[in-house]
Amino acid sequence: QVQLVESGGGLVQAGGSLRLSCAASGRTFDRYAMGWFRQAPGQEREFVASMNGSGGSTNYADSVKGRFTISRDNAKNTVYLQMNSLKPEDTAVYHCAAKYGSIYYGEYNYWGQGTQVTVSS
């Protein structure tokens, strides 16, 4: 069982930056692929970024490539999402998620409650 708690959301002006954190429970954090997803009001949840357990492989949505960076510190059981050059369309609730194994297949089994990111124009 993995429990995830996000933090770091807030209100920022367009062009600004935020760093989200997701702290995970458990002793085998480095065996889990981690992902970030977001959901804006009235829209479906969408994939943002993911990273494999060792941190050697990443994947990004086209809409955030070059602006967002996912990273992890396995010693701290934490995954991060550095968000730069934020746009109003990045406004959403951001969730982290975990799944055992590869970032390329399988469903995410564990989800955090989410943290609100609001970007003003």
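In plain terms, the two heavy atoms of A40 and A92 that are nearest each other are N-CB, 3.8 Å. Smallest separation of non-hydrogen atoms from Q82 and S17: NE2-CB, 4.0 Å. Across all their heavy atoms, V64 and V48 have their closest contact at CG2-O, 3.6 Å. For the residue pair A23 and T78, the shortest heavy atom distance occurs at CA-OG1, 4.1 Å. For the residue pair L81 and A49, the shortest heavy atom distance occurs at CD1-CB, 4.3 Å. Nearest approach of K99 to Y105, heavy atoms of both residues: NZ-O, 3.1 Å.
Panel note: side chain T118, backbone T91; no donor-acceptor pair is recorded below 3.5 Å. Side chain of R72 to main chain of A33: no donor-acceptor pair is present (N/O by atom type, distance under 3.5 Å, no hydrogens or angles). Judged by distance alone, the side chain of E6 and the main-chain N or O of G114 form a donor-acceptor pair under 3.5 Å. Within the 3.5 Å criterion, the main-chain N or O of G26 finds a donor-acceptor partner in the side chain of N77. One N or O on the side chain of S25 and one on the backbone of Q3 form a donor-acceptor pair closer than 3.5 Å. Formation of a donor-acceptor pair under 3.5 Å by the Y60 side chain with backbone atoms of I70 is found in this model. In this structure a side-chain-to-backbone donor-acceptor pair under 3.5 Å is missing from N74 to F29.
Hydrophobic cluster membership is shared by V12 and M83, with clusters built from Ile, Leu, Val, Met, Phe, Trp and Tyr side chains linked at under 4.5 angstrom. Hydrophobic cluster membership is shared by Y110 and Y100, with clusters built from Ile, Leu, Val, Met, Phe, Trp and Tyr side chains linked at under 4.5 angstrom.
Looking only at side-chain heavy atoms (C-beta outward), R38 and S63 come within less than 4.5 Å of each other. In this structure, the side chains of V79 and M51 stay at 4.5 Å or more apart for every pair of heavy atoms.
Note that CD of Q1 is 9.5 Å distant from CG of N109, once rounded to the nearest 0.5 Å. The distance from the OH atom of Y94 to the CD atom of Q39 is 12.0 Å, given to the nearest 0.5 Å. Taking CE from M34 and OG from S71, the interatomic distance works out to 11.5 Å, rounded to the nearest 0.5 Å. Between the CG atom in N52 and the OG atom in S102 there is a gap of 7.5 Å [rounded to 0.5 Å]. To the nearest 0.5 angstrom, H95 atom NE2 is 11.5 Å from L4 atom CG. Put simply, CG on L20 and CZ on F68 are 8.0 Å apart, with the number rounded to the nearest 0.5 Å.
Taking 4.0 Å as the cut-off between side-chain N and carboxylate O, K87 and D90 do not count as a salt-bridged pair.
Each of Y108, F37, W36, Y104 was evaluated against S50; a single residue qualifies, Y108, per the side-chain contact (heavy atoms from CB on, under 4.5 Å) test.
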